Structures are given as C-alpha cells and as structure tokens.
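Every chain is numbered from 1 and lettered A, B, ... according to where its sequence line falls, protein lines coming before strand lines. Just so we're clear, the structure is a prediction, and the values are computed from it rather than from any experiment. No hydrogens, no waters, no symmetry mates; every other heavy atom, side chains included, goes into these values.
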Amino acid sequence: MTASKHPVRGPLATVARAVVLGLDRIVAALCWLAMAFSALALIASLAMVVYSVGMRYVLNQPQTWVDDLVGFLLVAIVLLGAADAMRRGEHIGVDLLTSRLGALGRRIAAVWALLAVVVTGVFFVVEGWETVAFSKMLGVKSYGHLEVPIWIVQLAVPVGGALFGLAALMGLLRIAIGEEVVVSRGEAAHAAAAVQAQDDDPRGGGGR
Amino acid sequence: MTFLLLLFGALLLLLTGLPIFAGLAIFGGALTFATQGDLGALGEIVFGKLNHYLLVAIPLFAFMAHVMIRGKLVDDLYDAAFTFTRHLPGGIGIATVIACTIFAAISGSSVATALTIGAVAIPQMIHYGYKPRTAYGLVAAGGTLGILIPPSGPMVLYGVITESSIGALFVAGMVPGLLLALMFSMWCVVDARFISKGVRREKRATLPELATAVRKSFWSLMLPVLVLGGMYFGIFTATEAAGVGAMAALLIAVVVYRNFGFGDLWHAAVAACRTSAMLFMILAGASIFGHVLTKMRIPQEIVGLVTQLGIGTLEFLLLAMLLIFILGMFLETISIILITTPVILPVMLHLGINPVWYGVLLMINLELALITPPVGMNLFTIKAITRAPMIEIVRGVIPYVFLLLLGLLVVLAVPAIAMWLPATMFNVGKW
Amino acid sequence: ADFTMRLSHQLPPTHHIAQTLDRFAEDVARETGNRVEVQIFGAEQAFRGAQNHAAVARGQVEAAVVTNFQWGGTLPEMNVMTLPYFMTDLDRLQRFPGSEAARMLEAKLLEKGVRNIAWLYTTRQSIFTSNAKPLVQTSDFAGKKIRGLSRLVDEAFVAVNAAPATMPGSEVYQALQTGVIDAGLTDVSAGYSRRFYEVQKYGTVTPFFAVYFHLFVTPTWWDRLPDDVRAGIERAAAKAEQDVIAVTEATAEQAITQLQEKGMVLHLQTAEEAEVWKAAMQPPVLEAFRALGDDAAKLVELIENL
Ligand code: NA
Ligand code: NA
C-alpha cells in the first residue's frame, strides 16, 4: 500500500495540505494513545498471569479474577492496537497482483484498500454500538468471577473500529495531498532493515 | 457448489490487495446482509472470538519472541545450532530447522516461530550464499512446526471442540513433528548439493567450540525445558506457560545478557501488540466470514454430500484433507478448525476414526495452510520481516509444500507414527 | 417449511442433551405438520455459550439452549438449581417444569429478552475427583485447589477450606493431570466423556448440584407464530422435558459403570455422608443466594415446598 509522491500546487492546495497535516497529527496522537494503552495492557497481562501462578504456589491462593481480566484486556489490546498497526502498514494483504501494477494502478489499489478499511470501520462502529446498547439494555454481565457489565468491555469494538476507520480515512486524505500512506514503519521494519543490511545479494528480493 | 462460488468470490476480493481482515469482514458482512437483511451480530461475534483466555498465550508468545530478538537470545541459540551443523552441506539451513524445532517446543504458534527464527536466520542464510527466496521458504516452512510440536494453540482449540485429550494430542504431535524436521533437514542437504550451489560451509567444529556454543546458548535452551517441562510436570497450564516463558526470557535478557532496558521492554510490548493486532484482526474478519458460512449451513451441505456418496474411512479422510487443503489456501488455521471440526466430527465418530489421530493430520494440513498462497500467515510473517515481494516467498516455499504433503501421506498411511506414543502414555483407544 | 427455528447450543453432538435436541427437532416437524424446520447449530458453531442470550434476544437465531448457571451475574436467581444439595431430589426435579418457581424464573427470563419454552433436566449426580487421596470427609478438602464453578457455589468450597481456582473447561483435563489443581468437580457423565478417568484416580459421587439446560426463543418471533404452530412446538417441548428425565438418569448410571470399568476408584456417597457434606457446604451458599434479594428468597421457599 504505497502511493508515489504526487505534489499538488497552488495556494488552495497549500491550505488543504496544512489542514490535512494538522488533522494527521491529531489522528497520530489518538493512535499512539490507543497503542500505548495496548502495550500497557499486554505488560499488565503478563504480570498478572505470572502473579497468579506465584500466588497459587506460594500462598496456595488461586486468583479467580485473572483469567477473566486478561481475556478482556486481550480484546482491548487487539482493537485499540489495530489503528496504529494500520498507520504503519502492518495489516497484510495479498499483493500477488497489485505489486505488478504501475504507479497509478498502485495509487488506485491503495485508495481501494483504504476505502475497504473505512467500510469495515463503519461496520464495527455501527454493529459494535448496537451490541453495546443491547448488552446494556439486557443487563448482561460477564460470565465468570468478575461479573462486570459486559458492555463496558464490548465498547472496545466500536471504539477500535472508529480508530482504525479514522486512520484509514487519514490515509485517503494523505494520498489526496500526495503523501505516503504508511507513515513510519513498525517493528517489523527494524528486522527488515537488519535483513537488508546483511543482504549481500544485490539482486535479492530483500529490498523493496 | 454454493460453497465453491463463495470461496471463489472471497479469493477474487482478496486478490485486489485490500487488507485481509477488511476483505473477510466486508465479504462476510455483505453475505450476511444479502441473506438476512442486517449485519448479523457482527460486534458480538468479533468480541466473543477475541475474549478468550486461551488466546492470551499468543501475544505473550509474541512478546517472548520480540524479547528474544531484541535481547539477542535467538542469536546465541541459532549460533549454537550452526556450530553443530556448519560442516554439513546446507549446514546453515539445517541449523535453521533445528532452531525452529527448539523454538516450536517453546511456542504454541507457528507465526511466532517463523517471526523469531526468521529475523535471525534469514540474514545469516543469505550471508552464507543462499538465494533470499530459499531462506524465506525454509523459515516459513520450518516455522510451521510451531503448531505440530507441542505446545500448540490450535491443538488446544481442536481438543476443546472434540473433547479429546489435549495431553494426548500434544504427545501425538511430537514424533510427526520431529519427522518433518528431519525431512526438512534432509531437503537442505539435497538442496545444497544440487540446487543452491556455492553455499559456504565451515570447518567441522572442535569439541571446545561445541562446548562454548552450548554454554553461550544455555539460557535459551533452558526456555523449552521450562515451558514444556513446566507443563508436563504440572507447574502451570498452557496459557500460564506462555506467561512464565515470556517472563523468563525477560529476566534472562535483563539479568544474564544485561542488554535490555525499559525502552526495549516498551518496544517489545508495542511490537507484540502490533503483531497480535494484525493476526487477531484477521481472526475477527475470518470469524465474520465463518459465521455466515455456518448460518448458510455450508458445512452441513458438504458433510451431507460426503455421507450421501457412502464413502469409507480412507476416502473420507482423503476428501476431508483435500477440503482442508483448499480451505487452507484462503483461511487461517483457527477459522478452519472452528468451521470444519464440528461438522466433520460426527462423520469421524461414525466411521470410527480416532480424533487424536485426525487432530495430528489436521495440524499437518494446517501447516500447509500457513504456507499456501494467497492467505498463508507464515508467508505474511516473512513478508512482514523482509518486505520481500510475495511472489519470491511463494516460490521459496514450493518444495516444502510437497514435503509437507509427503509427511501428511506418511502419517495417514502409518498411523502409528502419531499414535504409538499417546497410546502407550494415555488410554486413547484404537486408531 | 413455513418457519425456520435456528437453534444454537454449545454441546458436542454425542452429549445426551444434544441428542435430545435432535429428537426435539424431529418432534417439532411432526407436531407442526412440517411447517417448522428446526436447524440445529451445535458445538458453538454459531455462537459461544455465553453469547446465546444476546443472539436470541436480538433475533440472530430464533432459539438457544444454555445451562441455568451460565446466567451468572446477569440473572443470579437462575443459580437456584445449582445450590449445593438443594434441588437434587428426583421428585423435586420432576415437579419443577410448570411449577410456580419455574414460572417465576420464566418471567425473569422474559425481562431479559428471551421466552423460555423448556426445562431440560441434565444432571443431579456430581463427582468430586482427585488423585492423591479420595475426598471422603469434608476435612479432606482442606488446602486443596479445586476447579471453581461459579462465584456463588465457590462459597461452598471456601467453607470446607478448599481454594477454588478458575480455568477454561478445556484446560481442566491437563490441570488435573499435572496437578495444577488437586480436585475437579463435574457431573458424572461429563467425567466420563471428558476422560477425567485418564488423569484422576479417585471419584466421590454425590448429589451436590442439579443442572438444567433450558430452551428459550426470541419473544417477537414466538408471538408472530400462528397459534397452532406454537401449540405444536409446545407439545414437542413438553415431550422433551419429560423424555429427558429418564435419559439423564440412565446416562448417569451408565457413566458410573463406565468410570469404574476404566479403573477409577469411585466412592458412592450414602445419604448420611451426603447430609454431613450438605451441613458443611450448603448454608453459606444458601445465605449468599438469599441475600440477592426478595425474589431469590421467595424462590428458595417455593422450591423447598415443591
Ligand atoms: Na509448539
Ligand atoms: Na494458505
């Protein structure tokens, strides 16, 4: 999902550019916050799982709430992390055909892919919200020891959908002003860089 | 027939290059809308699929993988394996297979295995003169051992659905897993002799060198002992093993390697979250797609057809394996297990097929699913860490598709390979 | 068929309740003159157990079957059958469907968006399993890690100084095998079908709790059905309620024999022994249940008078 640089000129374009880049900063901050929550949730889950093993052996006190809570956190980790993964181009697609397209073809493919994510985001927001509303109305509590109102945890579905939908929308706007779709590459890129640094074979497929 | 049309439709959509989670979600959502006039309980399904304690093991294993990469634990593990194999033709390839096998005994996931070993092994293999595609193929395939060699997330899921002994399933995967590792290693030798000519070899390692290699990788080698041993000797459950393993890897990086700070912890956690978000969003999309297939009673139709034709055990197994192979091209492992097992189980029990044996056949077939295009999670993993064109990776895995098919046929023809061990350790019945 | 009744449940196809539902599907077809087709989605194919409530309330499937204790905190009064040594008397179980207590729970279910149409008695024989030594006296529980059942029932284990631990059903087998937990509690037929005998040496069979699976439908769908169709489904449901009693009893008897054949050392509790356990384990749970509110207290009274 890359788009070639395609600068637009003129005073109106300059304003539009400034607006898009400003919006981009806001979306970037939102995505970062969501990802920070995910990362903290993962570290917390790790700590809780180890803690519960420890409590069982050291004090013979199994912790009945840990399983429920880490299950909930997993939902948040995934849905809140999806937007940041989106901005960094980590959501994979089948590029068997699109990798053979020319510059224009790739731009169209990128727009199409981003539109699909926006639609999926709308699905998640609309249907996720309905799920939340229903659970709240029926008074559904989580099954297990915590017995918390399940709609609180289910909120991750519409919120996550809104975030990754927004990230995709931002990608479309960035294409419109001729910027890269993928902002900066994630962790996978570090490994990729390591691979490329040691890639002796200039004909190799390691680069892009 | 409807089923084939739907699969073809999904395939066409995915080929347009949109993110897989979005493709599956949109296709599933559109089908739901067409069949029942609303979006179904999409939110409920996504939430229910993700809210699962057993699945927590996967981000924890991913975190462990990232800690092992950043803390350079994998490097020592890999170096140790290479010290033992470096004089052999294709020695660096064999070392990659061994490293995959050891890591498979730590991790319950094939993606985590390919991710962890790939980041270290691919540059090294290329450095030693392999074509990149050969390195991609070997790591993608070697990584698939992660779900066959215990512990295994998908086996847990399968055991839950069929109510068969998860312990027996784990034990049943061991010998076939080692057999496949051996086949992959032998292929490395053949490849070095006849195909990838000019791959560098080193002098046979001396005894002191071997001792040094083992000492340097001692802590990494203790991880599978901790994870598998801890599970078998009853210290913790499968999910807890992932947590304890991740914590142990973290401690080794911080205390022994002394190269791991708060920044590294943060980056490893963020990286694990991104990997998990990517994987589980596909799981979410696949669950929407799978749910609508279930509601359209597609699996029942297939089983109905199979029973109608009045076929025997072997034919049934071959057909089931063919179906899963085809599904495996388009869907990821967890969805395949969730979609097919409940409909295949009644026929299986009717024909007297042992669910543990079928479970092992299923896992080998799912290993194939991980590396067959267009949707193969290990292909994507290699792509994520190398940014190589998909076509290069797909070319690299072709020999391993045939090797896995051969392995599948061997375990199908000689059930004892899978069943001898569990039959002696557990009361799993006839096979 | 003019109407489709999609029915979701979580049971494997071999479970006696799953088979009862297969027969119910045939009975519905016959009783309604093939005007209703029951499409069964078993083994969590369509929805997981905990999702069935929302799925039926939202009309995503027309019907579902779940256990009474799955209502957990959402409808805590549904735990009444699972109170220790409270509803395990066969006479009480037989009189329950159609009783005032049942109607009270049905009204509560309707408030939660689903209409109940059948109570399928599933078990009253529980088995406490262990490996090191059998659990015969209540003092044998002291310090033992046992798989918890629900927030409410776990009070019973705490009362005998055991430590309840939670884990998904699928992990229990391995946890018992390896000693992550020391004791398991399940109904006898599940003890056999889940192969607990492979990993547990001892089992104490006791009428600890009863479990009902119950069948409920989407109220708006139900109300739109023609009267004769509704009556046909109700006849099939009533038949299932009756037939399942004998099936459950036979399944439990058979499971006890099968477990013994597999080499498990079973201790079948006498009535006196059961009284001792009841005295230790029932009061705290009953107290916590009554404390839920007036309706819970009333329900206890209604069932005591069944
Ligand atoms: Na594994
Ligand atoms: Na595939």
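- Annotation: side chain of A:Leu79 is not in contact with side chain of B:Phe47 (no heavy-atom distance under 4.5 Å).
- Interface remark: of the candidates B:Gly40, B:Gly285, B:Gly376, B:Ala272, B:Gly40 forms the most heavy-atom pairs closer than 4.5 Å to chain A.
- The most heavy-atom pairs under 4.5 Å with chain B, out of A:Val75, A:Val157, A:Asp67, A:Val50, come from A:Asp67.
- For chain A, the option among B:Ser276, B:Ala135, B:Ala284, B:Ala41 with the highest count of heavy-atom pairs below 4.5 Å is B:Ala41.
- For B:Leu115, no part sits under 4.5 Å from any heavy atom of chain A, backbone or side chain.
- Exactly one of A:Val78, A:Leu73, A:Leu42 qualifies for a side-chain contact (heavy atoms from CB on, under 4.5 Å) with B:Pro59. That residue is A:Leu42.
- Among A:Val119, A:Thr120, A:Leu69, the residue making the largest number of heavy-atom pairs under 4.5 Å with chain B is A:Thr120.
- We find the CZ-OH distance between A:Phe72 and B:Tyr53 to be 14.0 Å, quoted to the nearest 0.5 Å.
- In terms of heavy-atom pairs under 4.5 Å with chain B, the best-connected choice from A:Thr131, A:Val49, A:Val70, A:Leu115 is A:Thr131.
- Considering only heavy atoms from C-beta on, B:Asn51 stays 4.5 Å or farther from A:Leu74 through its side chain.
- Judged by distance alone, the side chain of A:Glu127 and the main-chain N or O of B:Leu39 form no donor-acceptor pair under 3.5 Å.
- With rounding to the nearest 0.5 angstrom, the CG atom of A:Leu40 is 9.0 Å from the SG atom of B:Cys273.
- Note that CD of A:Glu130 and CD of B:Glu44 are 11.0 Å apart. Values are rounded to the nearest 0.5 Å.
- Residues of residues 137-148 of chain A lying under 4.5 angstrom from chain B, judged on non-hydrogen atoms, do not exist here.
- Looking at B:Val46, only its side chain comes within 4.5 Å of chain A, counting heavy atoms on both sides.
- Contact record, B:Ala246 with A:Leu46: CB-CD1, 3.7 Å, taken as the closest heavy-atom pair.
- In terms of heavy-atom proximity, A:Ala82 sits nearest to B:Ala277 at N-CB, 3.9 Å.
- Pairs of residues two or more places apart, or lying in two chains, that qualify as side-chain hydrogen bond (donor to acceptor under 3.5 Å, both in side chains) and include a residue from residues 152-170 of chain A are A:Ser135-A:Gln154.
- Here the CZ atom belonging to B:Arg274 is positioned 13.5 Å from the CE atom belonging to A:Met86, to the nearest 0.5 angstrom.
- Using a 4.5 Å heavy-atom threshold, the side chains of B:Glu240 and A:Arg56 count as touching.
- Contacts between A:Val117 and chain B at a heavy-atom distance below 4.5 Å involve backbone atoms as well as side-chain atoms.
- Residues of residues 28-39 of chain A lying within less than 4.5 angstrom of chain B, judged on heavy atoms, are A:Met35, A:Ala36, A:Ser38, A:Ala39 in numerical order.
- Contacts classified as ring-ring contact (aromatic ring centres under 6.0 Å, His included) and involving residues 101-139 of chain A (residues at least two apart or in different chains) are given here: A:Phe124-A:Phe164.
- Residue B:Phe63 touches chain A through its side chain alone, counting heavy-atom pairs closer than 4.5 Å.
- At a 4.5 Å heavy-atom cutoff, A:Val66 makes no contact with chain B through either its backbone or its side chain.
- Options B:Ala242, B:Gly29, B:Gly243, B:Gly23 differ in how many heavy-atom pairs under 4.5 Å they form with chain A, and the most are formed by B:Gly243.
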